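Keep in mind that what you see is a predicted model, and the values were worked out from it rather than measured.
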Amino acid sequence: MKLKIIWQMTVKIFVLTCLLLLAGCTAQNKADTKASKLKTNENLKTKKLNANKKRSKKETASKWIHYKKKCRIPILMYHSISAGNALRVPPKQFAEEMAYLKANHYYTLTTAEAIKAFETNSLPRQKVVWITLDDAYKDNYTAAFPILKKYHLHATINYITSFNQKPNHLTLNEAKIMQHSGLVDFQSHTVQHLDLNELSTDVQMQELANSKKWLDNTFRQKTQMICYPAGRYNQTTIKLANHLGYKIGLTTNEGLACLDQGWYSLSRVRIAPGISLQTFNQLLKNGY
């Protein structure tokens, strides 16, 4: 009788052990399956993020076209992407103009590419444009940047370096997000946005040198372009810009940019609020 009871208990223990082992294996299998699914999802997310990052980067041109005549480039001049005065272009208009550039196969230049174009008298495509936004308003981030990302277009923002903590201007963090996207580069619009032609040589030097130094250190770059506040400059400005290592200077003189104007006196195309796409097309082709 005792042997029978012992045998029955042994069988129960054996069966219970088997069931526990089976349950453990099942749980482990479920855990492994879940971990595998999580890993797969993570891999898919990583691939998607990398793909999006690649898509957000500015497209590059592999072969440049050389020309006999001097290149003439439309350098578009924007400021705030909002409404209210003659320097503000509403977001809807800006979006329509960027969509027009994309639909008509315009290549948007970086500052470095624009300099290369003038240096080599060549272009990455037949139709190019250089988009510039002066003063680094906050709406360049909230309104313009999403549109640039949507159409994968590049723009240059001319930064007033002492304005980075003003409420209506870009924060440093916003500027770095834009730069890291590959769709925006930042160039000099001086330290305080003063009329350079009214300043002494020493003060002009401070405005140009300190702005360049701040941009170089902040964005880890070699700042190559100076955009004159309100388009005002003189021969002293040009000499100082050249001495400090700027390669190019932008004015508010209206028209297509060409080296006949001089490296530090390039014209731009002012984009006014309320213009039609037909007028925008004429500006791209003629500068007026």
Side-chain angles (χ1 to χ4, degrees), residues 73-91 93-94 97-98 108-111 114-115 129-145 147-148 153-172 174-175 178-179 183-199 204 207-208 210-212 214-215 218-219 221 223-233 237 241 246-257 261 264-273 275 280 283 287:
I73 297 174
I75 306 176
L76 305 187
M77 178 172 55
Y78 292 94
H79 291 78
S80 174
I81 306 304
S82 59
N85 60 41
L87 291 179
R88 299 180 180 184
V89 171
Q93 179 183 332
F94 184 75
E97 289 165 356
M98 297 304 102
T108 50
L109 297 166
T110 65
T111 299
I115 292 170
V129 63
W130 186 8
I131 302 167
T132 63
L133 298 102
D134 290 3
D135 306 331
Y137 288 102
K138 183 171 285 290
D139 55 50
N140 290 181
Y141 179 76
T142 58
F145 188 41
I147 295 167
L148 293 172
L153 301 176
H154 188 278
T156 296
I157 293 178
N158 299 317
Y159 207 104
I160 306 168
T161 57
S162 69
F163 282 18
N164 68 85
Q165 294 183 352
K166 285 197 172 187
N168 197 34
H169 290 77
L170 291 176
T171 65
L172 184 54
E174 289 166 343
M178 297 174 86
Q179 186 206 29
L183 296 176
V184 178
D185 70 88
F186 289 87
Q187 301 297 321
S188 175
H189 206 33
T190 72
V191 177
Q192 302 177 79
H193 199 265
L194 304 174
D195 290 352
L196 293 171
N197 62 325
E198 295 182 358
L199 305 177
Q204 281 204 57
E207 285 290 309
L208 297 174
N210 292 342
S211 170
K212 188 177 189 305
W214 188 90
L215 290 165
T218 301
F219 296 110
Q221 64 182 32
T223 305
Q224 297 181 296
M225 186 265 279
I226 173 66
C227 177
Y228 310 121
R232 297 189 175 94
Y233 65 104
T237 316
Y246 290 105
K247 289 189 174 182
I248 199 168
L250 303 188
T251 72
T252 56
N253 301 333
E254 297 192 30
L256 300 179
Q261 299 155 359
Y264 299 95
S265 307
L266 294 173
S267 298
R268 288 191 287 172
V269 179
R270 184 184 297 274
I271 305 300
I275 65 172
F280 184 67
L283 290 170

Can you tell me how far the [atom1] atom of [X] sits from the [atom2] atom of [Y], to the nearest 0.5 Å?
{"X": "Ser162", "Y": "Asn210", "atom1": "OG", "atom2": "CG", "value": "10.5 Å"}
{"X": "Asn168", "Y": "Phe163", "atom1": "CG", "atom2": "CZ", "value": "10.5 Å"}
{"X": "Arg270", "Y": "Glu254", "atom1": "CZ", "atom2": "CD", "value": "5.5 Å"}

Relative to the ring of Phe219, is the ring of Trp214 parallel (under 30°), tilted (30 to 60°) or perpendicular (over 60°)?
perpendicular

Classify the angle between the aromatic ring planes of His189 and His193 as parallel (below 30°), tilted (30 to 60°) or perpendicular (above 60°).
perpendicular

Apply side-chain contact (heavy atoms from CB on, under 4.5 Å) to residues Met178 and Leu170 and explain how you reach the verdict.
CA-CA 10 Å; Met178 297 174 86; Leu170 291 176; 4.0 Å; yes

Where [X] and [Y] come nearest, the two heavy atoms and their spacing:
{"X": "Ile275", "Y": "Gln93", "result": "CG1-NE2, 3.5 Å"}
{"X": "Asn164", "Y": "Tyr159", "result": "CB-OH, 3.2 Å"}
{"X": "Pro91", "Y": "Ala143", "result": "CG-CB, 4.2 Å"}
{"X": "Ile226", "Y": "Ser188", "result": "CD1-OG, 3.4 Å"}

With sequence neighbours left out, write down each residue that passes salt bridge (charged side-chain N to carboxylate O under 4.0 Å, His left out) with Glu97, or none if nothing qualifies.
none

Check: [X]/[Y] side-chain N/O donor and acceptor closer than 3.5 Å:
{"X": "Ser80", "Y": "Asp139", "value": "yes"}
{"X": "Thr237", "Y": "Gln204", "value": "yes"}
{"X": "Asp135", "Y": "His169", "value": "no"}
{"X": "Gln192", "Y": "Glu207", "value": "yes"}

Using atom types as modelled and distance alone, determine if a side-chain donor or acceptor of [X] lies under 3.5 Å from a backbone N or O of [Y].
{"X": "Tyr228", "Y": "Tyr264", "value": "yes"}
{"X": "Thr108", "Y": "His154", "value": "yes"}
{"X": "Gln221", "Y": "Phe186", "value": "yes"}
{"X": "Asn158", "Y": "His79", "value": "no"}
{"X": "Gln261", "Y": "Leu256", "value": "yes"}
{"X": "Tyr246", "Y": "Leu208", "value": "yes"}

Between Lys138 and Glu174, is the closest basic N to carboxylate O distance under 4.0 Å?
yes

I'd like to know whether Met98 forms a side-chain contact (heavy atoms from CB on, under 4.5 Å) with Leu148, so could you lay out the CA-CA distance, the side-chain angles of the two residues, the decisive distance to 0.1 Å, and finally the verdict.
CA-CA 7 Å; Met98 297 304 102; Leu148 293 172; 4.2 Å; yes

Quick one: do Trp130 and Thr111 satisfy side-chain contact (heavy atoms from CB on, under 4.5 Å)? Show the steps, please.
CA-CA 8 Å; Trp130 186 8; Thr111 299; 3.5 Å; yes

Among Thr156, Val269, Leu283, side chain to side chain contact (heavy atoms under 4.5 Å, CB included) partner for Leu76
Val269

Stepwise, does the side-chain contact (heavy atoms from CB on, under 4.5 Å) test hold for Asn140 with Ile81?
CA-CA 6 Å; Asn140 290 181; Ile81 306 304; 4.2 Å; yes

